[in-house]
Amino acid sequence: MSGFDKVVGSYEEAMAGLEDGMTIIAGGFGLCGIPENLINEIKHKGTRELTIVSNNCGVDGFGLGVLLEDRQIKKMVSSYVGENKLFEEQLLAGDLEVELTPQGTLAEKMRAGGAGIPAFYTATGYGTEVGKGKDVKEFNGRKYILEESITGDFAIVKAWKADRYGNLVFRHTAQNFNPMAATAGKITVVEVEEIVEPGELEPTQIHTPGIYVNRLIKGTFEKRIEQRTVREA
Amino acid sequence: MSGFDKVVGSYEEAMAGLEDGMTIIAGGFGLCGIPENLINEIKHKGTRELTIVSNNCGVDGFGLGVLLEDRQIKKMVSSYVGENKLFEEQLLAGDLEVELTPQGTLAEKMRAGGAGIPAFYTATGYGTEVGKGKDVKEFNGRKYILEESITGDFAIVKAWKADRYGNLVFRHTAQNFNPMAATAGKITVVEVEEIVEPGELEPTQIHTPGIYVNRLIKGTFEKRIEQRTVREA
Amino acid sequence: MSLSREQLAMRVARELQDGYYVNLGIGIPTLVANYVPEGMEVMLQSENGLLGMGPFPTDDQVDADMINAGKQTVTAITGASIFSSAESFAMIRGGHVDLTVLGAFEVDVQGNIASYMIPGKLIKGMGGAMDLVAGADNIIVTMTHASKHGESKLLPQCTLPLTGAGCIKKVVTDLAYVEIADGKFWLKERAPGISVDEIVQKTAGELVVPEVVPEMEF
Amino acid sequence: MSLSREQLAMRVARELQDGYYVNLGIGIPTLVANYVPEGMEVMLQSENGLLGMGPFPTDDQVDADMINAGKQTVTAITGASIFSSAESFAMIRGGHVDLTVLGAFEVDVQGNIASYMIPGKLIKGMGGAMDLVAGADNIIVTMTHASKHGESKLLPQCTLPLTGAGCIKKVVTDLAYVEIADGKFWLKERAPGISVDEIVQKTAGELVVPEVVPEMEF
């Protein structure tokens, strides 16, 4: 039975084995659906020279932004990094490398990495900086560039509910990059709001099957909102 | 409001525009989750010279097998076609062409077709008949072959529940190839067991968003079982 | 008078059709949602994984797990679906979105668009814009015709790093509606009260001007 | 005595580990599920889109929408997940399945496997077999050591069309357990009561025989 019990007892255990220079794939879009406590554990651990693959880099003082404070990040692979000043500073100072990757290409690279597809052709980025130096091939009269997949030493993921088999369900738009990230880590670590009994999740409604999940931990979350926009009731 | 009401009134309307020589992508695995009534409508319509992309070709007298009776199929793209005698006869007589495609490659080709990816690399089939004549490229010391995506003039799909926006939910393992097929048709036609009110399907639990669906019809289904296997109670 | 942001959005909204799935970029494009013609229904796609985006939430509806691609809190309409980023871009890159509206810094006569980077100044990233312009058949660019300093944004050749090559066919500016074909801009409509001369003067790329240039209707 | 089908399955089952995700092919491989060691839990993957395949249903549980890759009616265990064929093969091709067990017509010293086609005789198709052998690191082939006519199935070079190239490292036959490395077969175990001579005689490809060949344990 124990073989499928993915639950670990502490955040320290959840991130055990993370070493300097490793690549981490992180779920989340902006501050939505980010594994905030796993990120804090990485900060606490002090691991350095990290390559982080994530659509964004959090904000100053929250999310992946906290890893900038002690310069733990060597390189970001992201589609949009406009939310933090510290990021800009380190980038301009040459202390931080960034590989800007179109959002859809980034999502597809993670999926491909998890699915055993080493590379795929896409129209996105053809004729732009993104396409420079990449293989070009024509299909049906249109030109496409070859993009290679991404895998990570670790993937860090935030889900809503899980059972101990590691089956995951995401809440609302907090799904975003998390399911692809989950498939693309050599070690995939997931933190969730709630761990339910096996059988409570309907098999056809599981977003991420437990086969992709190595470690699971229940956390409590701040869920900071980046742009609170409301209308009159 | 009418713009998003995908429901059509008859099977004739559902398959309107299907012409000789077209390519149809069909969901289903064996006889499970097959669009049986849409197939019967194609038989009734008498359309010929069809290329059909489907994991299997039904059985003699049921599912896609009925389209063999009047030789409506010119070519099958399938991973396994061992269930019907008529198929074998027509194949050996040279009346039918078959492009055997590994099951995972077939699923991925449909997904890629729907997702704007014209081609992808895969290890599946390298060094076999399947890989012959295809581009080979090495990634991280392993060789992969280039497989091109598939799209169809029509896609025919069987789902469990839908709302009139065309949002779909599949039941148990009747999901199989249906979600990918749904994305890969120029015209995607779906038949379902039940049409529910908009809002009844939980947004995060929809398997196929309505954007992929052009026409929707409620049917009644025989759901024939290919291999009934049981154990003692 | 050059068009206001609202008038720009109103003009773009005339390109909507009943049953369209539409992706609206940040800024002026977002305003288009306010001008969907009566009796018409469109569904908004937000590339972080939401089809059927609704209005902003009321104060008590705010949910950190419910945001749009601009990272703003939003709601979902009846009939919405929510999915992963890979699924969202499968939709976009697979050409399933009927209309994409986005802003730009520059467009040129080849249909190139530059909208995400000003070297040395602005290096935030392209987000989903490169996927959107590569995946859509039907794209409308909205922007001011010229910069604050009067420099044309409709160029013979983009000067900034491209977001996409050869993908833009329609541009709605505060002065005109222009189409792009055969390596030229084609003037189709002028903003009410704007002279053809002013448009010609503020268009750096080759502009074909027909004998009659109708005024925009909203 | 050569192994029975059940004994073959029992021997393969010894390769299982607690927490393994396993894909079992049609025929003898399917029987492996009956011999999971006590106290150990494995999860069966069925490539039509089911992780956590359970036993056949009782008569009143039969559901046409609930089948396995062999098109047989099945059940799902607690903790199962059900998904599309693309997701299923993402799992398989992405190397997430810990062990794959499948039958074969032939294997050879290069680790090639032929299992899906006999030209002019059997042209049913490869189903998911090519994906499985390309996607898995850990594959066990189970088959009889020789055909009914005594022809070896462990060859210097496969004669039939390949299912996969250079992917097989372990073979359990009714006579022996053999590993493949460095272009040779390596005899590791013999079936109880089977002589090394018989195995040597029925192995056409180069076979390395150690001084002591232990008997299989179940």
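Proteins come first, then strands; the chains are lettered A, B, ... in the order of their sequence lines, and each starts at number 1.
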Any chance [atom1] of [X] has more than 12 other-residue heavy atoms, nucleotides or ligands included, within less than 6.0 Å?
{"X": "Asn140(B)", "atom1": "CG", "result": "no"}
{"X": "Glu215(C)", "atom1": "CD", "result": "yes"}
{"X": "Glu222(B)", "atom1": "CD", "result": "yes"}
{"X": "Asp137(C)", "atom1": "CG", "result": "no"}
{"X": "Glu12(B)", "atom1": "CD", "result": "no"}
{"X": "Lys143(B)", "atom1": "NZ", "result": "no"}

(message) For Glu87(C), which atoms come within 4.5 Å of any heavy atom of chain B: side chain, backbone, both, or neither?
(response)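 Both backbone and side chain of Glu87(C) come within 4.5 Å of chain B.
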(request) Output the option from Leu51(C), Asp98(C), Ile92(C) having the highest count of non-hydrogen pairs under 4.5 Å with chain B. (result)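 Of the options given, most contacts go to Leu51(C).
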Between [X] and [Y], which heavy-atom pair has the shortest distance, and what is it?
{"X": "Arg93(C)", "Y": "Ala115(B)", "result": "CB-O, 3.5 Å"}
{"X": "His96(C)", "Y": "Thr183(B)", "result": "CE1-O, 3.2 Å"}
{"X": "Glu41(C)", "Y": "Tyr165(B)", "result": "OE2-OH, 3.4 Å"}

(message) If the contact rule is any heavy atom under 4.5 Å from chain B, which residues of residues 62-83 of chain C qualify, in numerical order?
(response)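 Listed by number: Thr78(C), Gly79(C), Ala80(C), Ser81(C), Ile82(C), Phe83(C).
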(request) Sort by residue number and list every member of residues 158-184 of chain C having a non-hydrogen atom under 4.5 Å from chain B. (result)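 Listed by number, there are no contacting residues, so the answer is none.
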(message) Just so I understand: if I count every heavy-atom pair under 4.5 Å between each of Leu201(B), Asn167(B), Asp163(B), Thr208(B) and chain C, which residue has the most?
(response)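 Heavy-atom pairs under 4.5 Å are most numerous for Asn167(B).
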(message) For Tyr212(B) together with Tyr21(C), are the ring centres under 6.0 Å from each other?
(response)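 Ring centres of Tyr212(B) and Tyr21(C) not closer than 6.0 Å.
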